[in-house]
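Only one structure is covered here, and it is reproduced in the block below.
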Amino acid sequence: MLRIAVPNKGSLSGPAAEMLHEAGYQQRRESKELRIVDPVNEVEFFYLRPRDIAIYVASGQLDIGLTGRDLLIDSGADAEEILALGFARSTFRYACKPGTIGGLADLVGKTVATSYEGIVAAHLADHGIDASVVHLDGAVETAIQLGVAQVIADVVETGTSLRNAGLEVVAEPIMQSEAVVIRRTGADADDPKVQQFLRRLQGVLVARTYVMMDYDCRVEQLEKAVALTPGLESPTVSPLHNEGWVAVRAMVPAKEAQRIMDDLYDIGARAILTTAIHACRL
């Protein structure tokens with residue numbers, strides 16, 4: 001069986017389980033379950049701490065895992081990203097008291113507090129910055145107030161927590177993170193079980209991104225309509241019983257669907273419908 005590591009808690013856990021469910025895999029019913037077997041799909045799932053997943057996968061005991069890009073890099077484990085999953089996105093930034101740090105070069109000689117020592121140490125080294133890194137678990141906003149560090153490095157979403165702590169972001173982002181699928185570095189890239197798993201997840205990503213659009217239009221407007229809805233390869237066009245009219249079906253980006261419907265209506269298309277896509281293979 002394919003052995004897969006899944007986050008057991010935190011911001012990665014729920015969305016990961018939802019994506020796996022949409023991909024047709026059985027998931028645990030109780031949060032206390034640490035392992036389940038999906039015999040139909042020949043997969044065994046192990047529910048582990050998100051920070052530990054890269055280490056387990058790198059050891060070769062598990063074939064692949066779902067974790068955060070930040071956790072993969074911070075672990076230093078011998079594992080690599082093979083698919084980005086589009087959820088749990090975050091940005092890592094430096095922050096400090098207003099006016100104390102102007103840019104990355106000003107970090108020289110400073111102490112940086114963070115929960116992601118591996119990421120920050122590597123980023124500073126890559127830019128030739130000689131600074132100290134202090135590892136703290138949990139919220140790091142108070143590190144500056146208590147004199148532990150002059151700078152912190154942490155996940156920044158809206159920036160509200162930083163502002164409430166009297167801090168501001170400085171310098172360019174350290175990295176952009178999101179949920180990813182990982183495997184051991186050098187593992188067989190053509191493993192059919194892994195490839196099937198990836199195709200299923202890619203199908204979920206496409207299904208979430210696109211909708212199916214159907215509409216009727218007159219033959220003389222077909223080229224304009226097809227230009228608006230080219231589909232992934234080309235749209236399906238079928239003649240209608242009423243002469244001079246055709247039915248068109250194509251996949252379109254969900255975020256652009258309303259605008260496309262407006263444009264189609266303006267050129268004379270009618271009976272314009274969109275439907276959700278639950279699964280696909282490309």
Side-chain angles (χ1 to χ4, degrees), residues 1-8 10-28 33-90 118-119 122 175-210 212 230-234 250-251 253-254 277-282:
M1 286 191 171
L2 190 66
R3 294 158 64 88
I4 302 175
V6 183
N8 67 344
S11 61
L12 291 165
S13 179
E18 182 180 354
M19 175 170 275
L20 291 169
H21 176 73
E22 290 180 37
Y25 294 103
Q26 178 182 335
Q27 288 297 285
R28 62 181 181 174
E33 292 182 276
L34 301 180
R35 168 186 170 273
I36 67 165
V37 175
D38 181 349
V40 174
N41 293 298
E42 298 184 335
V43 173
E44 190 174 9
F45 290 104
F46 294 82
Y47 296 88
L48 306 171
R49 292 179 68 248
R51 278 189 172 274
D52 296 337
I53 287 176
I55 297 172
Y56 279 106
V57 172
S59 73
Q61 298 304 307
L62 300 179
D63 300 303
I64 52 180
L66 280 67
T67 188
R69 181 181 295 132
D70 53 345
L71 299 175
L72 166 63
I73 295 174
D74 193 60
S75 72
D78 192 19
E80 61 184 358
E81 174 184 333
I82 54 176
L83 179 66
L85 298 177
F87 64 85
R89 289 191 171 101
S90 60
I119 291 175
M175 69 170 295
Q176 303 285 344
S177 182
E178 64 181 291
V180 297
V181 180
I182 65 171
R183 69 178 174 199
R184 181 172 54 85
T185 302
D188 182 8
D190 298 320
D191 184 328
K193 291 182 179 179
V194 173
Q195 290 302 312
Q196 182 187 66
F197 179 78
L198 295 177
R199 282 195 300 272
R200 287 198 181 192
L201 294 190
Q202 287 166 337
V204 172
L205 291 172
V206 172
R208 290 177 172 183
T209 306
Y210 287 83
M212 189 65 72
L232 297 185
E233 283 142 3
S234 66
M251 291 173 63
I277 301 171
H278 296 291
C280 71
R281 297 290 185 275
L282 301 180

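As a basis for the values below, the full set of heavy atoms in this structure was taken, side chains included, without hydrogen atoms, waters or symmetry mates.
By the salt bridge (Lys or Arg N to Asp or Glu O under 4.0 Å) test, R28 is found to be paired with no residue, residues two or more places apart in sequence or in another chain being considered. Scanning for ring-ring contact (aromatic ring centres under 6.0 Å, His included) contacts around Y210 gives an empty result, with sequence neighbours left out. Scored by the side chain to side chain donor-acceptor pair (under 3.5 Å) test, E18 finds no partners at all (sequence neighbours excluded). Contacts of Y25 classified as side chain to side chain donor-acceptor pair (under 3.5 Å), with partners at least two apart in sequence or in another chain: none. Evaluation of the side chain to side chain contact (heavy atoms under 4.5 Å, CB included) rule for A5 yields L48, I53, L62 as partners, not counting sequence neighbours. In this structure, the salt bridge (Lys or Arg N to Asp or Glu O under 4.0 Å) partners of E44, at least two apart in sequence or on a different chain, are R3, R35. Qualifying side chain to side chain donor-acceptor pair (under 3.5 Å) partners for S75, counting only residues two or more places apart in sequence or in other chains: none. Not counting sequence neighbours, the partners of R51 by the salt bridge (Lys or Arg N to Asp or Glu O under 4.0 Å) test are D74. With sequence neighbours excluded, no residue satisfies side chain to side chain donor-acceptor pair (under 3.5 Å) with E42. Residues meeting the salt bridge (Lys or Arg N to Asp or Glu O under 4.0 Å) test with D52, sequence neighbours left out: R49.
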What pairs of donor and acceptor atoms, side-chain ones from residues 76-83 against any protein atom, are under 3.5 angstrom apart with sequence neighbours left out?
unit_1: D78; atom_1: OD1; unit_2: T185; atom_2: OG1; d: 3.1
unit_1: E80; atom_1: OE2; unit_2: R183; atom_2: NE; d: 3.0
unit_1: E80; atom_1: OE2; unit_2: R183; atom_2: NH2; d: 3.4
unit_1: E81; atom_1: OE1; unit_2: R69; atom_2: NE; d: 2.8
unit_1: E81; atom_1: OE2; unit_2: R69; atom_2: NH2; d: 3.1

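Within the structure, every pair that satisfies the salt bridge (Lys or Arg N to Asp or Glu O under 4.0 Å) test and touches residues 188-209, not counting sequence neighbours, is listed here: E22-R208.
Within the 4.5 Å cutoff, the side chain of Q27 has heavy atoms near those of the Y47 side chain.
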Do F87 and L205 pass the side-chain contact (heavy atoms from CB on, under 4.5 Å) test, and can you show the C-alpha distance, the side-chain angles, and the key distance before you say yes or no?
CA-CA 10 Å; F87 64 85; L205 291 172; over 6 Å; no

Hey, mind stepping through I4 and D63 against side-chain contact (heavy atoms from CB on, under 4.5 Å) and telling me if it holds?
CA-CA 6 Å; I4 302 175; D63 300 303; 5.8 Å; no

